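As the structure is a prediction and not an experimental result, all values here were calculated from the model. Counting begins at 1 with the first residue of the sequence.
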Amino acid sequence: MKEGMISFDRLKERITTRQAAEFYGIRVNRHGFARCPFHHEKTPSMKVDRRYHCFGCLEDGDVIDFTAKLFGLELKEAAVKLAADFGIDVPFEGSFSVPMPVQKTGKQKLEERFNNCWKLYCEYLHLLKRWKEQYQPKSIEEEPDGRFVEALHHIGRVEYYLDELWDADWLERETIMNDLQTDMERIAKKPEISRVFSPEGLPL
């Protein structure tokens with residue numbers, strides 16, 4: 001068995017698809033179902049546990065497949081992202097090949113912009129939830145940390161934007177992203193976000 005495959009197996013033992021889905025901003029109900037991010041739907045049809053399976057579009061796989069599909073990555077890139085996001089030290093051998101640039105269609109550009117926008121808000125939501133827990137005042141007399149205040153003010157708003165983007169068709173998504181451009185630029189400048197979201201990835 002190749003070393004890369006061993007690393008993949010170790011990673012899949014540590015992270016379930018449900019953990020990854022929730023980490024990346026996908027809501028999973030108490031029955032273990034979520035709205036599939038790979039096709040448009042109103043009712044949750046994707047079962048997520050250690051693996052995932054969508055009864056609507058029939059997408060199926062493990063946590064690495066899921067992450068690769070969600071962010072448009074190669075499997076090895078997805079594995080490295082999971083290891084970094086979950087703080088797991090898993091060795092991966094080899095290097096990535098950089099594909100030659102190709103001319104993208106208008107639809108492909110819009111899909112890429114949407115994926116970047118979705119990723120940005122998911123990263124921000126995760127950061128806000130961490131701030132809310134980490135910087136919660138220990139007593140009513142304690143002056144609230146600015147990060148705790150920001151979390152209280154913005155968690156609901158970001159969840160609303162993610163729901164709105166998810167439910168919209170492609171034309172509506174473009175309009176929403178145009179309206180959110182200034183907000184996205186503000187979020188992308190945060191050091192905690194810029195470490196995982198390069199300026200080139202900002203949806204423009």
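Between Leu128 and Ala151, the shortest heavy-atom contact is O-CB, 3.3 Å. Across all their heavy atoms, Thr67 and Lys81 have their closest contact at CG2-CD, 4.3 Å. Here the closest non-hydrogen pair linking Tyr135 and Phe148 is O-CB, 3.5 Å. In this structure, Thr17 and Asp62 approach most closely via the heavy-atom pair OG1-C, 3.6 Å. Contact between Tyr24 and Cys122 at its shortest, heavy atoms only, is O-SG, 2.5 Å. Looking at every heavy atom in both residues, Ala79 comes nearest to Phe8 through CB-CE1, 3.6 Å.
Using a cut-off of 4.0 Å between Lys/Arg side-chain N and Asp/Glu carboxylate O, Arg147 and Glu192 are scored as not salt-bridged. We find that Asp163 and Arg35 are joined by a salt bridge, their nearest charged nitrogen and carboxylate oxygen being less than 4.0 Å apart. Electrostatic pairing of Glu22 and Arg27 does not count as a salt bridge here, judged by no charged N lying under 4.0 Å from a carboxylate O.
More than 12 non-hydrogen atoms from other residues, nucleotides or ligands lie less than 6.0 angstrom from CD of Glu142.
Interatomic distance, NZ of Lys119 versus CZ of Phe71, reported as 6.5 Å (0.5 Å rounding). Distance CD/Glu164 to CZ/Arg157: 11.5 Å, rounded to 0.5 Å. One finds the NZ atom of Lys42 at 4.5 Å from the NE2 atom of His40 (value rounded to the nearest 0.5 Å). Separation of atoms CG (Leu75) and CD1 (Ile64) is listed at 7.0 Å; rounding is to 0.5 Å. For the atom pair CG of Leu120 and CD1 of Ile193, the computed distance is 6.5 Å after rounding to the nearest 0.5 Å.
With Glu185 contributing its side chain and Thr182 its backbone, the two residues share no donor-acceptor pair below 3.5 Å. Proximity of a side-chain donor or acceptor of Glu123 to a complementary backbone N or O of Leu127 within less than 3.5 Å is not detected. Gln19 places a side-chain N or O within donor-acceptor distance of the main-chain N or O of Thr16, the cut-off being under 3.5 Å. Judged by distance alone, with hydrogens and angles left aside, the side-chain atoms of Glu150 form no donor-acceptor pair with the main-chain N or O of Gly146 at under 3.5 Å.
Side-chain contact check for Val149 versus Asp145: every heavy-atom pair is 4.5 Å or farther apart. Within the 4.5 Å cutoff, no side-chain heavy atoms of Leu82 are placed close to those of Ile88. Side-chain contact between Asn116 and Arg113: absent, with no pair of heavy atoms (C-beta onward) separated by less than 4.5 Å.
Under the 6.0 Å cut-off for aromatic ring centres, Phe114 and Trp170 qualify, their centroids lying closer than that. Checked against a 6.0 Å centroid threshold, the rings of Phe38 and Phe66 count as neighbours.
Remark: His126 engages Phe23, Arg130 in a side chain to side chain contact (heavy atoms under 4.5 Å, CB included) (not counting sequence neighbours).
Leu110 and Leu171 fall into different hydrophobic clusters, defined by Ile, Leu, Val, Met, Phe, Trp and Tyr side-chain heavy atoms under 4.5 Å apart, directly or through other members.
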Check against side-chain contact (heavy atoms from CB on, under 4.5 Å), Asp169 and Glu172:
CA-CA 5 Å; Asp169 60 31; Glu172 292 169 335; 3.1 Å; yes
Please determine whether side-chain contact (heavy atoms from CB on, under 4.5 Å) holds for the pair Gln181 and Met177, giving the CA-CA distance in whole Å, both sets of side-chain angles, and the decisive distance to 0.1 Å.
CA-CA 6 Å; Gln181 185 61 37; Met177 288 187 290; 6.0 Å; no
What do the steps show when you test Tyr161 against Asp179 for side-chain contact (heavy atoms from CB on, under 4.5 Å), and what is the final call?
CA-CA 11 Å; Tyr161 289 158; Asp179 291 340; over 6 Å; no
Run the numbers on Glu159 and Lys129 for salt bridge (charged side-chain N to carboxylate O under 4.0 Å, His left out), then give the verdict.
CA-CA 11 Å; Glu159 289 177 337; Lys129 288 182 175 180; 3.8 Å; yes
Would you list the atom pairs, donor with acceptor, under 3.5 Å between side chains in residues 47-59 and any protein atom, with sequence neighbours excluded?
unit_1, atom_1, unit_2, atom_2, d
Lys47, NZ, His31, O, 2.6
Arg50, NH1, Lys12, O, 2.7
Arg51, NH2, Asp60, OD1, 2.9
His53, ND1, Asp60, OD2, 3.0
Glu59, OE2, Lys69, NZ, 3.4

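Side-chain atoms of Tyr121 and Asp183 form a donor-acceptor pair, as typed in the model, at a separation below 3.5 Å.
Geometric assessment of Lys190 against the ring of Tyr124 yields a negative cation-pi assignment under the 6.0 Å and 45° thresholds.
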